[in-house]
Colleague: 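Below is one structure. I have some questions about it.
Excluded from the calculations below are hydrogen atoms, water molecules and symmetry mates; all remaining heavy atoms, backbone and side chain alike, are included. The chains referred to below are lettered A, B, ... by the order of the sequence lines, with proteins before strands, and numbering in each begins at 1.
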There are 2 protein chains.
Amino acid sequence: MKTDIAELLIKIPIFASLEEAEIKEIESLSHEKVFAANANIFWEGDAADWFYIVIDGKVKISKLTSNAREIVLSFFSRGEIFGEVAVLENGPYPASAQAVDASRLIGIRKADFWSFLLKHPAVALKIISLLSGRLREAQNRLRDLAGERVEQRLARLLLRLSDKLGAILPFTRQELSDMSGTTTETTIRTLSQWKDQGIISSVRGKTTITDEKKLRKLAEGRDS
Amino acid sequence: MKTDIAELLIKIPIFASLEEAEIKEIESLSHEKVFAANANIFWEGDAADWFYIVIDGKVKISKLTSNAREIVLSFFSRGEIFGEVAVLENGPYPASAQAVDASRLIGIRKADFWSFLLKHPAVALKIISLLSGRLREAQNRLRDLAGERVEQRLARLLLRLSDKLGAILPFTRQELSDMSGTTTETTIRTLSQWKDQGIISSVRGKTTITDEKKLRKLAEGRDS
DNA sequence: CGCCTATTTGAAAACCGTCAAAGTATGTGG
DNA sequence: CCACATACTTTGACGGTTTTCAAATAGGCG
């Protein structure tokens, strides 16, 4: 399935500017890896040897709190990269990665990727943009977590997710809670209210935004 | 004071690997700017034309919540850079910057810096490391804010600050609150307890860690 | 000395987490 | 195809942490 990989690589923004020969070079550094649903990819604190690109599936990046609560930093799917922080900074992975669904990944060795970057400044600049975007988002979330109430945090989370994924959000209440730093019960209570108000609808494992306008008002802190 | 600038530049990690001629090049792109205490440098949402290096003084990076509470993302002093996210990602500044003390800064135009990076991949890689480090720290703070109690958040904040600044922390209770996402009153109550237990001491505008070991235990969540 | 800012303390209330229990989909094995 | 296990969703009650509001004290600077 090697051709498959080249086709995927060229669609990824950070590699989009590359010539065919360079894509081939990346491809030669790639190791395809398959993980079953719920399998662990790496743990926070592990030595960081690989960085990854998602071919298929869904990967969860998370950290644990001191009382074993899980905080989800992000979910990644087709075409997205993760594990970049550790690889680019020399240190252990700062968070854990787990395959939520059965997933196929491309792994590239840290050293290989680093020398590739040295030879391809344009890709390095793309990486800079990517990191900047992630940093910007992390800072927005910091503001939300530090200063906003649960209702606003949830509203903003749903909006952020739907920017990326569309109106149908494939997450359980549990996962939404772990992403917004609250508990399952509180999330359910809040979303139930919204369901009554026609702002969202939901089935097991999925939530659909039906009235984005109202949700956006809630996210701003004014009431509906 | 131009020579002054060259000497500072060469001490900054991201430029440390440069030849004299290249330092000179950066220097030629530099514009020295002076801000009085409490002066605003840029606002969140402003068009991002400049990125900055601190020569002297103290700069606060913050965002506002929907109810006008201020969340401090970081403080920067001599030798540190800020405003990099916007400049490297094409968008407005994601946060506001304000001079806390009277400050001297080097400003470099976005376009100038970007073309410099294209010519100097080694500097680009340094920037990648810097961004990775900031992202890692932001993720740690996310975990703290989402999952830990105020006491632990404050303990970790003090420890993080003292890693960077030493045992004497030049911040008011108000600033510590804004950094840890809590209120002045709660911060005072917590720090007062710690003062009674001999973990810290403080005078107006300054807090000193006197028993780092105990503080570290508090940060872990076990009690003292 | 007087003003402004930082620190402190108290009391009440809100928000949200915790605990407990039950209902409802989904899939699997018999 | 049904029964059962599992995971997800839901609801209620209670209590703790933290915010909010109010007011007083103290330090530093002109």
Side-chain angles (χ1 to χ4, degrees), chain A residues 36-38 58 60 65-72 98 100-102 144-155 157 169-197 200-208 218 221 223, chain B residues 36-38 60 65-72 98 100-102 144-155 157 169-196 200-208 218 221 223:
Chain A
N38 297 315
K58 187 160 105 176
K60 178 176 76 181
T65 68
S66 57
N67 20 277
R69 231 156 66 83
E70 184 173 35
I71 305 297
V72 173
Q98 189 187 10
V100 178
D101 304 334
D144 292 352
L145 284 172
E148 310 291 1
R149 307 238 159 259
V150 165
E151 187 176 53
Q152 286 168 59
R153 297 213 301 266
L154 275 169
L157 173 66
L169 306 174
F171 298 102
T172 65
R173 305 289 144 114
Q174 167 91 255
E175 289 171 331
L176 293 173
S177 312
D178 292 341
M179 282 188 271
S180 59
T182 181
T183 58
T184 313
E185 293 92 332
T186 300
T187 301
I188 284 170
R189 279 185 246 270
T190 306
L191 295 200
S192 295
Q193 272 184 33
W194 292 351
K195 209 193 275 190
D196 295 345
Q197 298 170 36
I200 60 164
S201 68
S202 74
V203 297
R204 171 178 258 242
K206 265 182 221 158
T207 300
T208 306
L218 287 170
D223 37 51
Chain B
N38 298 314
K60 178 176 76 181
T65 69
S66 57
N67 20 276
R69 228 155 67 84
E70 184 172 35
I71 304 297
V72 173
Q98 190 187 9
V100 179
D101 303 333
D144 292 352
L145 284 171
E148 311 291 1
R149 294 266 123 104
V150 165
E151 188 177 51
Q152 285 169 60
R153 297 212 301 268
L154 275 169
L157 173 65
L169 305 174
F171 298 102
T172 65
R173 306 287 144 114
Q174 168 90 254
E175 289 171 331
L176 293 173
S177 312
D178 292 340
M179 282 188 270
S180 59
T182 181
T183 58
T184 313
E185 294 90 333
T186 300
T187 300
I188 283 169
R189 280 184 246 269
T190 306
L191 295 200
S192 295
Q193 273 184 35
W194 292 350
K195 209 193 278 190
D196 293 345
I200 60 164
S201 68
S202 75
V203 297
R204 171 178 257 241
K206 266 183 221 157
T207 300
T208 307
L218 287 169
D223 37 50

Colleague: CD1/B/Ile200 to OG1/B/Thr208 distance, rounded to the nearest 0.5 angstrom?
Modeller: 8.5 Å
Colleague: Should B/Glu70 and B/Lys60 count as an ion pair when the cut-off is N to O under 4.0 Å?
Modeller: yes
Colleague: Checking all strands, does A/Ser202 fall into the base, sugar-phosphate, or nothing category for heavy-atom contacts under 4.0 angstrom?
Modeller: nothing
Colleague: Do any of residues 65-72 of chain A sit with a heavy atom less than 4.0 Å from DNA chain C, and if so which?
Modeller: none
Colleague: Considering non-hydrogen atoms only, spot the tightest contact between A/Ser180 and A/Leu154 and give its length.
Modeller: OG-CD2, 3.5 Å
Colleague: Rounded to whole Å, how long is the line connecting atom CG of B/Asn38 with atom P of C/dC4?
Modeller: 15 Å
Colleague: For B/Asn38 versus B/Gln98, what's the shortest heavy-atom pair and its separation?
Modeller: O-NE2, 3.3 Å
Colleague: Going from CG on B/Leu191 to OG on B/Ser201, what distance comes out if it is rounded to the nearest 0.5 angstrom?
Modeller: 11.0 Å
Colleague: Rounded off to whole Å, could you give me the NZ-to-P distance for the B/Lys206 and C/dT5 pair?
Modeller: 20 Å
Colleague: What string of B, S and - do you get for nucleotides 25-30 of chain D, 5' to 3', when a contact is any protein heavy atom under 4.0 Å?
Modeller: -BBS--
Colleague: Please list residues of residues 183-191 of chain A whose heavy atoms come under 4.0 Å from any atom in DNA chain C, ordered by number; otherwise none.
Modeller: A/Thr183, A/Glu185, A/Thr186, A/Arg189
Colleague: Looking at C/dA6, D/dT10, D/dT18, which one has an atom nearest to any side-chain atom of B/Val150?
Modeller: D/dT18
Colleague: Measuring to OP1 and OP2 of D/dT9, would you say a side-chain N or O of A/Lys195 lies under 4.0 angstrom away?
Modeller: no
Colleague: In whole angstrom, what separates B/Asp196's CG from C/dT7's C1'?
Modeller: 14 Å
Colleague: Given 3.5 Å as the limit, does a donor-acceptor pair link the side chain of B/Arg173 with the main chain of B/Arg204, or not?
Modeller: no
Colleague: Is any side-chain heavy atom of A/Leu145 closer than 4.5 Å to a side-chain heavy atom of A/Arg153?
Modeller: yes
Colleague: I need the CD1-C1' distance between B/Ile200 and C/dT8, as an integer number of Å.
Modeller: 14 Å
Colleague: What is the separation between atom CD on B/Gln152 and atom P on D/dT17, rounded to the nearest whole Å?
Modeller: 12 Å
Colleague: What is the minimum heavy-atom distance between A/Leu218 and A/Trp194, and which atoms define it?
Modeller: CD1-NE1, 3.3 Å
Colleague: Under 4.0 Å between a side-chain N or O of B/Arg153 and OP1 or OP2 of D/dT18?
Modeller: no
Colleague: Using a 4.5 Å cut-off on heavy atoms from C-beta on, say whether the side chain of B/Thr65 contacts that of A/Gln152.
Modeller: no
Colleague: Give the rounded distance in Å between these two atoms: CD of A/Glu175 and P of D/dC8.
Modeller: 8 Å
Colleague: I want to check something: taking the side chain as every heavy atom from C-beta on, are A/Thr190 and A/Gln193 in contact at a cut-off of under 4.5 Å?
Modeller: no
Colleague: If you check every side-chain atom of A/Thr172, which of C/dG17, D/dT10, D/dC8 has the closest atom?
Modeller: D/dC8
Colleague: Quick one: does B/Gln174's side chain get under 4.5 Å of B/Thr187's, heavy atoms only?
Modeller: no
Colleague: Pick out which of B/Thr182, B/Thr186, B/Ile188 makes a side-chain contact (heavy atoms from CB on, under 4.5 Å) with B/Thr184.
Modeller: B/Ile188
Colleague: Could you check how far CZ of A/Arg149 sits from P of D/dT18, rounded to whole Å?
Modeller: 13 Å
Colleague: Please report the distance, rounded to the nearest Å, between CG in A/Asp101 and P in D/dA7.
Modeller: 15 Å
Colleague: Looking at A/Thr182, does any N or O in its side chain come under 4.0 Å of the phosphate oxygens OP1/OP2 on C/dC16?
Modeller: no
